[in-house]
There are 2 protein chains.
Amino acid sequence: MTDAGLSAELVAVVMAVDRGRPFVVASGEPPALPAGPLRADEESLQAGVREFAREHMGFELGYVEQLYTFADLGRSTDGRRVISISYLGLTRAEISGSERPTDWSALYDLLPWEDRRHLESGTGSDRLGEEIEAALQRWSGDDGDRLERCRFLFGYDERVWRPDLALQRYELLWETGLVAESPCAAKISALTAGPMVNDHRRILATGLSRLRAKLQYRPVVFELMPEVFTLGELQETVEAIAGQSVHKQNFRRAVEVQHELVEPTGDVSHDTGGRPAKLYRFRRSVRQERDQVGTKLPIPRAAR
Amino acid sequence: MTDAGLSAELVAVVMAVDRGRPFVVASGEPPALPAGPLRADEESLQAGVREFAREHMGFELGYVEQLYTFADLGRSTDGRRVISISYLGLTRAEISGSERPTDWSALYDLLPWEDRRHLESGTGSDRLGEEIEAALQRWSGDDGDRLERCRFLFGYDERVWRPDLALQRYELLWETGLVAESPCAAKISALTAGPMVNDHRRILATGLSRLRAKLQYRPVVFELMPEVFTLGELQETVEAIAGQSVHKQNFRRAVEVQHELVEPTGDVSHDTGGRPAKLYRFRRSVRQERDQVGTKLPIPRAAR
DNA sequence: CCAGCAAATACTCATTTCGAGCATTTGATC
DNA sequence: GATCAAATGCTCGAAATGAGTATTTGCTGG
């Protein structure tokens, strides 16, 4: 049944990690994820996303996966129904600090509370975290369910922080009016600089959640890595996405134990600051197989 | 951008399990999943699916989750682009053998190779399995990649059978022309009685795959259970969905270890055929929490 | 050339989890 | 009261995990 007011678009969450810093394609003011109308001649949506990235951003996506389809009313500012089919795309683009193209944004500028790497060992003053905790406390009041939900999602009171709950955390912050997009975000929500277009921050959080979850059981990290890399760099990338650090020795054990996941190139890298590191390459041959199955890289589903 | 030829619909994979027999709502000839146009006044799609089930099937869905959005060209028999947003819904409807409403189909009539409970202990003659293996063998020929893929998905040569790869298996069978919907399914594909509408069997396989995967880390089984149940019944349901059986003692250990997942009602059930079984109820209170997190019920990700 | 640093790499160890099997309990049935 | 079938209880070894300690190695500044 064709509906006069119906339109469909593709929205992409395209991520890359450069030396421990995760980026996402988002540009404009307010920032927006890349999106385009669904063209009538596209055979497959997946291919459509790839082509879109190629044409508009100028690079190949190594990995593409459908995320979620948003179609609720009231998503966009005008009242029409827009169906947004969102995709996650990973690439190896190098976004170096200096002349970074304007359409890459630092991921954790858009979702600041999701990066916890700084406050891990010892005493990082966690102003943001404390602010959130206080605000959530206020919001919860005496409501036990609310309290429990906050505890659970943000790891208060001895509970663990689970990186892959990024989406649920966003939704909680949205409900409580702490992100700029919230309908009830009256006051300055210091958490996010300003709003993003429509529900793009939610879509972004969806992508991050999915990627973090996937990291634990699929070899997707390699889509973010250059051809050859050291185990340290691999770990750094995982940590960048997960937003928290992992035990180094156990990380390499996990990689080594995965039979034939990576292979040494024979060379070593000297810009480590210490002992040179062996260089490895991802064994693409196992990819098709592993792609469907499991590869377990140890992102602590639990930290603290 | 409104496209004249664009239309969107909701498709639902609604499942229930009755005494170890899984069912899905599908009716007609050829069988079709329930589907309806996306209405302009629906606030949220999820609510739309619930309402659809209520109105057209007459029951409440206990759990609803978006599956995937199919929008590739060439999905339906006429050439227009249809966007199908598919949902998985679970319910506790009791579909008793005798007067089962005509719109419930036995799940494994539609995906026969996905049920392996019969051939587990010892010697079930697995005619279907052998037929598939032979056909896949023929299809593979000398192609190493093809061989590996078959081995991997169907667990040949000492490899394990992973229940949650149902979708990938369907796609392989589709490619090889072994399911009735295949474009190249010239001969009688004995695997499936006849075709299903459009790509509904693929959607069904998507739902099964997702449900099986979810079973391992989310307490979704309980949406398929009546208010009170024995651990044996719980296990029976898990096995029905997984398509294979699990170690009984370990299953109950896993349930018990999950602190406060279920609680005994105090009553016992006598229609067990042996020692009476304690009755339990799902602790709905933990649901909200667990829903977002993890519950580990032991479906062997690996069998054999 | 040497001391010392930083990071890579190598081992160790206790704890938990997991798969599998044996043993016991308890009503129903004949 | 013997027998059966299923629930329930317990044990054991293998494997996976989390968290250290120890060692190697090239670079750097003096």
Side-chain angles (χ1 to χ4, degrees), chain A residues 19-20 120-122 160-162 216-217 228-239 242 244-259 261-262 264-280 294-304, chain B residues 19-20 120-122 158 160-163 216-217 228-239 242 244-259 261-262 264-280 294-304:
Chain A
R19 276 165 280 166
E120 235 138 33
S121 54
V160 299
W161 169 276
R162 298 194 26 164
Q216 297 171 202
Y217 58 95
V228 299
F229 49 83
T230 69
L231 292 188
E233 289 161 357
L234 185 65
Q235 179 179 352
E236 187 183 35
T237 304
V238 167
E239 291 175 334
Q244 65 183 21
S245 30
V246 306
H247 184 107
K248 176 149 61 172
Q249 296 90 324
N250 290 347
F251 180 84
R252 37 177 58 238
R253 173 176 62 188
V255 173
E256 282 157 5
V257 149
Q258 309 272 310
H259 194 41
L261 188 60
V262 298
T265 65
D267 297 322
V268 294
S269 162
H270 287 263
D271 50 355
T272 58
R275 173 174 172 175
K278 288 201 194 112
L279 285 168
Y280 293 85
T295 297
K296 277 208 212 154
L297 289 189
I299 295 176
R301 57 211 77 194
R304 172 173 285 197
Chain B
R19 276 165 279 166
E120 234 137 34
S121 54
E158 299 297 299
V160 300
W161 168 276
R162 296 194 26 166
Q216 298 171 202
Y217 59 94
V228 298
F229 48 84
T230 69
L231 292 188
E233 289 162 358
L234 185 64
Q235 179 179 354
E236 187 182 37
T237 304
V238 166
E239 291 176 335
Q244 66 182 19
S245 31
V246 307
H247 183 107
K248 176 148 61 171
Q249 296 92 321
N250 289 347
F251 179 84
R252 38 176 57 239
R253 174 175 60 186
V255 173
E256 283 157 7
V257 149
Q258 310 271 311
H259 193 41
L261 189 60
V262 297
T265 66
D267 296 323
V268 294
S269 162
H270 287 263
D271 50 354
T272 58
R275 171 174 174 177
K278 289 202 192 111
L279 285 168
Y280 293 85
T295 297
K296 278 205 211 156
L297 288 190
I299 294 175
R301 53 213 80 195
R304 175 175 283 193

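The model shown is predicted, which means the values in this text are computed figures rather than measured ones. Both backbone and side-chain heavy atoms feed into the values below; hydrogens, waters and symmetry mates do not. Naming convention: chains lettered A, B, ... in sequence-line order (proteins, then strands); numbering from 1 in each chain.
A close approach under 4.0 Å does not occur between any side-chain nitrogen or oxygen of A:Arg252 and OP1 or OP2 of C:dA8. Between A:Lys248 and the phosphate of C:dT9, there is no side-chain N or O to OP1/OP2 separation shorter than 4.0 Å.
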Between protein and nucleic acid, restricted to nucleotides 24-28 of chain C and to nitrogen or oxygen atoms under 3.5 Å apart, what atom pairs and distances do you find?
{"unit_1": "C:dT25", "atom_1": "O2", "unit_2": "B:Arg275", "atom_2": "NH1", "d": "2.9"}
{"unit_1": "C:dT26", "atom_1": "O4'", "unit_2": "B:Arg275", "atom_2": "NE", "d": "3.4"}
{"unit_1": "C:dA28", "atom_1": "OP1", "unit_2": "B:His270", "atom_2": "ND1", "d": "3.2"}

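Taking atom CD on A:Gln216 and atom C1' on D:dT17, their separation rounds to 14 Å, with Å as the unit. When the C1' atom of C:dA8 is taken as reference, atom CD of A:Glu236 falls 14 Å away, rounded to whole Å. B:Gln235 places its CD atom 12 Å from the P atom of D:dA6, with the value rounded to the nearest Å. Remark: C1' of D:dA7 and CG of B:Asn250 are 15 Å apart, rounded to the nearest angstrom. The separation between A:Phe251 atom CZ and C:dA10 atom C1' is 17 Å, rounded to whole Å. Across the protein-nucleic acid pair, A:Glu256 atom CD and D:dT17 atom P stand 15 Å apart, rounded to whole Å. Straight-line distance from the NE2 atom of B:His247 to the C1' atom of C:dT17: 14 Å, rounded to whole Å.
At least one side-chain heavy atom of B:Val255 sits less than 4.5 Å from a side-chain heavy atom of B:Val262. You'll find the side chain of B:Glu239 stays beyond 4.5 Å of the side chain of B:Gln244, heavy atoms only. The shortest side-chain heavy-atom distance between A:Val238 and A:Phe251 falls under the 4.5 Å cut-off.
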Task: Residues B:Leu279, B:Val268; criterion side chain to side chain contact (heavy atoms under 4.5 Å, CB included); working and verdict - done: CA-CA 5 Å; B:Leu279 285 168; B:Val268 294; 5.6 Å; no
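In terms of polar N and O atoms assigned as donor or acceptor, the side chain of A:Arg253 comes within less than 3.5 Å of the base of D:dG18 in a complementary pairing. A donor-acceptor contact under 3.5 angstrom links the side-chain atoms of A:Gln249 to the base of D:dT21.
Taking for each of B:Tyr280 and A:Val257 the nucleotide of DNA chain D with the nearest heavy atom, the 5'-most of the two is the partner of B:Tyr280.
Between A:Ser269 and the choices A:Asp271, A:Asp267, A:Thr265, the side-chain hydrogen bond (donor to acceptor under 3.5 Å, both in side chains) rule is met once, by A:Asp271.
Taking CD from B:Gln249 and CZ from B:Arg253, the interatomic distance works out to 9.5 Å, rounded to the nearest 0.5 Å.
Listed for the B:Gln235 side chain is no donor-acceptor partner under 3.5 Å among the backbone atoms of B:Gly232.
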